Amino acid sequence: MEGGHTKPDKTELTECWRTTWKAPYIMRLALSAGIGGLLFGYDTGVISGALLYIREDFEEVDKKTWLQETIVSMAVAGAIIGAAVGGWMNDRFGRKISILLADALFFIGAVVMATSVAPWMLIIGRILVGLGVGMASMTAPLYISEASPARIRGALVSTNGFLITGGQFLSYLINLAFTHAPGTWRWMLGVAGLPALVQFFLMLFLPESPRWLYRKNKIDEARSILDKIYPANEVEDEMNALQESVEAEIADESIVAESMIAKVKGAWSNPVVRRGLYAGITVQVAQQFVGINTVLYYSPTIVQFAGFASNKTALALSLITAGLNVVGTVVSMAFVDRYGRRRLMIVSMFGIIACLVVLSVLFWQASLHAPAVSKLGSSHFGGNTTCPAYLSAPNAASWNCMSCLHAKCAFCADGTNKYQPGACMISDKGIRGMCRGEGRIWFENGCPSKFGIFAVLLLGLYIISYAPGMGTVPWIVNSEIYPLRYRGTGGGIAAVANWSSNLVVSQTFLTLTEALGSAGTFLLFAGFSFLGLVAIYFLVPETKGLHIEEVEKLLQEGYKPKAFKKRKSKVEGSS
């Protein structure tokens, strides 16, 4: 799934380099905790490549689309629970214990997946990994934020965001490295346990968050940690600031000693918070319904839809999307404070919609120009290998490769010229071996297409459009849009909306491609993206450079786009 991070400015980055050079302990702390972001990103990307080989080993998974979707999306379901439980654990047992538990869950989940003998074991492993991801995704940034100097906090927290996208890129490289290794997908999924193990042992030697310790009245322990983080002449000031902050937090809690349900009700009944939630939830749901996690979770499969049959080729081309996602994150950090959150998201949405519409047209054209099915070629391996639907079809002469795939069969293309008429075969492991044994190419997910390379390039453009705007800005908006008292509640509601939307999209993508085809599915996401663009235009204000009080005032008055404000003033003037 896509994560967010705090955006540092240029001064913070320079100061961060100077401070960590003088006190390497701070960077060791940030990087050790930031491995949680690496795990988050790695898990998001690794399943996309592993799924190609899981289908080959488990025929049941290959035949049942819902089983593929469940293996992918159960990590998201686990993450929703992990994030919810993680919030309570952070407050009760501390940040350090929460990260250690997340590592243990991730490691156990990786071992379970790597040793799976049936799909149900894979699903259990994915749930365990998801629990760890959910806990780490919210705990790691919090720990880094509370255990780092205020002047470089944004820059250090941003390392978590870099490690998320870096983890995604790393997962594609590791997938590619294990394509010819015995056990392929087992190594891909099992390797994830190593960084979890590394982080577990590193965290054993790191301290708890000083803020949490102070909150638990362990003042001397909190001071000893601050002594390592700050110069001696700043420690007392930081202790005083920490005392004021914690006392204010405790006082606020005593005034508002509410249950979670009461806090949620209070947030929705408050006009300012409610308008903030409209904006915060809008951008988080829109982030998922542009279809980004279908690209991250199913990228190699989409490349195969575009006509690249080889698993290795599909994985190699998928590196483009992962690499561009990293580049887009860097671009966002450079421009989000210069051009503003709202403008970046709107420009991003226009690019996303254009790419999705053109992708839809390309996939539609590819289906129309798919190679024909040869009657002679289909009987080449014997009648009991030919697709039954093709044999009984009254219009078999008009069948092409796409007709064959829609009938749940496979297309065996000529090895020298894959665009020539080929055979429509039963989709079976043994028959696949017979096809490949004669030097032919086996297509199960897509058809040979001259449009394929253009589809891959458009996926790259889609990522370039998405990453700088809709990739990072929704998280920044949610860190700024709510009043302080409701910031945790509002951010939590929006995050749940994000994870839930992620679950819906990842659980339904392959089913949609079967029902609507690749062209129809991408066109549907273009429609969702257009609705998201309209909602962002009308509901999301610009928060760039505004203080908390200014944001509250803006929401109190009720946000309206500038164009509609001008129109209203003209109407009032004419009357």
Side-chain angles (χ1 to χ4, degrees), residues 1-5 34-55 68-69 71-76 78-79 106 109-110 113-114 122 125-126 129-130 132-134 136-137 140 160-179 181 184-196 287-288 291-304 311-330 456 459-460 462-464 466-467 471-472 499 502-503 505-506 509-510:
M1 199 196 86
E2 279 295 289
H5 57 273
I35 293 174
L38 184 80
L39 292 172
F40 185 1
Y42 185 88
D43 180 70
T44 303
V46 73
I47 193 63
S48 64
L51 191 62
L52 301 180
Y53 297 94
I54 291 168
R55 290 203 313 248
Q68 295 174 41
E69 291 170 330
I71 289 169
V72 170
S73 62
M74 279 303 99
V76 181
F106 206 102
M113 289 188 295
L122 273 168
R126 293 288 291 164
V129 163
V133 164
S137 68
N160 190 64
F162 278 122
L163 286 167
I164 290 173
T165 51
Q168 290 166 352
F169 187 71
L170 178 65
S171 71
Y172 283 97
L173 286 175
I174 288 177
N175 281 349
L176 198 58
F178 285 117
T179 50
T184 51
W185 61 269
R186 296 183 187 277
W187 285 104
M188 294 171 183
L189 298 174
V191 162
L194 292 178
Q287 185 193 65
Q288 294 304 319
I292 181 57
N293 279 318
T294 63
V295 175
L296 294 178
Y297 293 150
Y298 298 105
S299 183
T301 303
I302 294 170
V303 171
Q304 288 189 334
N311 286 349
K312 188 173 182 179
T313 303
L315 286 169
L317 290 172
S318 297
L319 272 171
I320 296 170
T321 59
L324 289 173
N325 200 19
V326 178
V327 173
T329 304
V330 177
V456 173
L459 276 177
Y462 167 86
I463 291 290
I464 290 172
Y466 167 85
T472 54
W499 283 107
N502 184 346
L503 181 61
V505 171
S506 58
F509 175 68
L510 293 178

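Given the structure is predicted, the values throughout are model-derived calculations rather than measurements. Heavy-atom basis, side chains included; hydrogens, waters and symmetry copies ignored.
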Which heavy-atom pair separates Asn175 from Ser48 by the least distance, and what is that distance?
ND2-OG, 4.4 Å
Mind jotting down which residue pairs meet the salt bridge (Lys or Arg N to Asp or Glu O under 4.0 Å) criterion with at least one end in residues 36-52? Sequence neighbours excluded, please.
Asp43-Arg126
Check whether Gln287 reaches the backbone of Gly471 with its side chain - one donor and one acceptor, N or O, closer than 3.5 Å.
yes
Which heavy-atom pair separates Ile54 from Leu122 by the least distance, and what is that distance?
CG2-CD1, 3.7 Å
Do Ile292 and Ile463 pass the side-chain contact (heavy atoms from CB on, under 4.5 Å) test, and can you show the C-alpha distance, the side-chain angles, and the key distance before you say yes or no?
CA-CA 8 Å; Ile292 181 57; Ile463 291 290; 3.7 Å; yes
Do side-chain atoms of Tyr53 reach the backbone of Arg186 as a donor and acceptor pair under 3.5 angstrom?
no
Under the ring pair (Phe, Tyr, Trp, His ring centres under 6.0 Å) rule, collect the residues that match up with Phe509, sequence neighbours excluded.
Tyr298
For residues Leu39 and Ala196, report the shortest heavy-atom separation together with the two atoms involved.
CD2-N, 3.8 Å
Closest heavy-atom pair and its distance - Leu38, Gly166:
CD1-C, 4.4 Å
For Phe169, all residues meeting ring pair (Phe, Tyr, Trp, His ring centres under 6.0 Å), sequence neighbours excluded
none
Give, for atom CE of Met74 and atom CG of Leu503, the distance between the pair rounded to the nearest 0.5 Å.
6.0 Å
Where Val129 and Met113 come nearest, the two heavy atoms and their spacing:
CG2-CE, 3.5 Å
Check side chain to side chain contact (heavy atoms under 4.5 Å, CB included) between Val191 and all other residues, then give those that pass, not counting sequence neighbours.
Tyr42, Ile174, Phe178
Mind checking what makes side chain to side chain donor-acceptor pair (under 3.5 Å) contact with Ser506, not counting sequence neighbours?
none
Contacts of type salt bridge (charged side-chain N to carboxylate O under 4.0 Å, His left out), residue Arg55, not counting sequence neighbours
Asp62
For Thr179 and Thr184, which heavy atoms make the closest approach, and how far apart are they?
O-CG2, 3.4 Å
Any donor-acceptor N/O pair, Gln68 side chain to Leu51 backbone, under 3.5 Å:
no
